[in-house]
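These notes concern the structure reproduced below.
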Amino acid sequence: MTNSDTIFTSTLDIEKLRKDFPILQTKVYGKPLVYFDNAATTQKPLSVLKNLEDYYKNYNSNVHRGVHLLSQQATDAYEQARKKVAAFINAAHDYEIIFTKGTTNSINLVASSFGKRFLTTGDEVLISEMEHHSNIVPWQLICEEKNAALKIIPVDNNGELIMEEFDRLLTEKVKIVALTYVSNTLGTVNPVRNIIQKAHAKNIPVLLDAAQAIQHIPIDVQELDADFMAFSSHKMFGPTGAGILYGKEKYLNAMPPYEGGGDMIKNVTFAKTTYNELPFKFEAGTPDMSGAIGLGAAIDYIQQTGIHAIQHAEEELIAYAYDQLSAIPSLRFIGNAKHRAGAISFLVGNIHPFDMGEILDKQGIAVRTGHHCTQPLMERFSIPGTVRASFSVYNTKNEVDALIKGIEKARKMLE
Ligand code: PLP
């Protein structure tokens, strides 16, 4: 933690910070919006909105291909955004940062491309029971193609990985471990450092799905020694349609291209095509320029606020929410991990999550209900879905109090 972060930690003024997000002034059914659906997507600060407007108003042009001024400006801004991402996660090289459409796209890229190069009959891919569908299905597809097997690290009743099972499953047959850093449903923060160390002791690379970690936890990919990491711009105050795949140079260079098209080639003839160097080898076609540049602005916003300060404020708020929710008699938490971030999932009595969600919505409170794209996890807990409140730095204790009141109202109506 730097000194400036320490100062921010004690001085982060949430009411002032909320003014950066115009949508937070919105009324829903005449009530002030309480937005607790941040794991699905976060709201955007003015600086990001202005950045997008500036791009389209003043220098919209296709990147990498033009000699004219606007194209050079767009290219500079796009490459500048790549540098910001690299610095934010402390990648060793800018070219280890691949712009994608989002976490889903990043994981599909690795599953397909790494799988084609490194998987063969009898190999195994190790994931966990708490993965989002986007870190399950791409691996199922490639395992089917390559005759490989998908192995699953189970979770215990608290929603934590059973590490003895991880140790048992981490055999020489495993060619990659793909794991979520933070569970989007349970809020569990997984012991990824320990997992990476154990996998590396057997020369097995690890992909981290950081979709729910990047906006809550400071991440240094070199220090963690992650081999791949995927995340989405829209979940970290940036625009939709853009995301990142971080990959170590040695793996990215060894993997074949994922998609073919413009920009990813060095030379094309009908007889043979040669491929561009990193990162362009994995960026076929016109990229989401405004999305990437907007993500750069979102990273500026996080850096100015201080990721440590954000983490500290959110941890305090989650602890408060957890305490307040604990006092509701018929409420049970789904997931009770010791180390959590971002989200709290729960059920109240026998109230169906959808009914709870609708009653809260009428009070201006946005939560998400359902399986949260983690159906195997729902099966593990023998439930159809949960109510999930997920938090961001702009949320307040008053908003948590509104949630508690809303739940009490639902209890009176439905229990
Ligand atoms: N992984 C996790 C843990 C997620 O929470 C999500 C989205 O909720 C994804 C992957 C997919 O992200 P995206 O839809 O932005 O590609």
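All values reported here derive from a predicted model rather than from experimental measurement. In each ligand, atom 1 is the first atom listed, and ligand 1 is the first ligand listed.
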Are the side chains of Tyr78 and Phe99 in touch, meaning some heavy atoms are under 4.5 Å apart?
-> yes
Counting heavy atoms under 4.0 Å, the part of Lys101 that contacts ligand 1 is neither
Closer than 4.0 angstrom: is that true for some heavy atom of His234 and an atom of ligand 1?
-> yes
Ligand 1 versus Thr103: contacting region, heavy-atom distance under 4.0 Å = both
Atom indices of ligand 1 within 4.0 angstrom of Ser232 heavy atoms, with elements = 12 (O), 13 (P), 15 (O), 16 (O)
Is there at least one pair of N or O atoms, one from Thr104 and one from ligand 1, spaced under 3.5 Å apart?
-> yes
Under 4.0 Å from any heavy atom of Thr180, which atoms of ligand 1 are there?
-> 3 (C)
Check whether any heavy atom of His372 sits under 4.0 Å from an atom of ligand 1.
-> no
What pairs with Asp225 under salt bridge (Lys or Arg N to Asp or Glu O under 4.0 Å), at least two apart in sequence or on another chain?
-> Lys248
Do Asp76 and Gln80 have side-chain N/O donor and acceptor atoms under 3.5 Å apart?
-> no
Name the closest protein heavy atom to atom 4 (C) of ligand 1, giving the residue it belongs to and the distance to 0.1 Å.
-> His132 CD2, 3.3 Å
Atom indices of ligand 1 within 4.0 angstrom of Ser134 heavy atoms, with elements | 1 (N), 9 (C), 10 (C), 11 (C)
Is Glu53 salt-bridged to Lys50, going by a charged N under 4.0 Å from an acidic O?
-> no
Contacts of Lys397 meeting salt bridge (Lys or Arg N to Asp or Glu O under 4.0 Å) (sequence neighbours excluded), chain-then-number -> Glu316
Taking everything shown except Arg368 itself, do over 12 heavy atoms lie less than 6.0 Å from its CZ?
-> no
May I ask you to identify the nearest protein heavy atom to atom 3 (C) of ligand 1, giving residue, atom name and distance to one decimal place in Å?
-> Asp209 OD2, 3.4 Å
Per-atom contacts of ligand 1 with Asn184, taking only distances under 4.0 Å to non-hydrogen atoms | 5 (O)
Any Lys/Arg nitrogen of Glu223 or Arg193 sitting under 4.0 Å from an Asp/Glu carboxylate oxygen of the other?
-> yes
Does any donor atom in the side chain of Thr42 or Ser392 lie under 3.5 Å from an acceptor atom in the other side chain?
-> no
Ignoring hydrogens and angles, state whether a donor on the side chain of Asn62 or Thr286 is under 3.5 Å from an acceptor on the partner side chain.
-> yes
Counting each atom of ligand 1 from 1 as listed, which ones have a heavy atom of Gln212 under 4.0 Å away?
-> 3 (C), 4 (C), 5 (O), 8 (O)
Atoms of ligand 1, numbered as shown, that sit under 4.0 Å from any heavy atom of Lys235 | 6 (C), 7 (C), 8 (O), 12 (O), 15 (O)
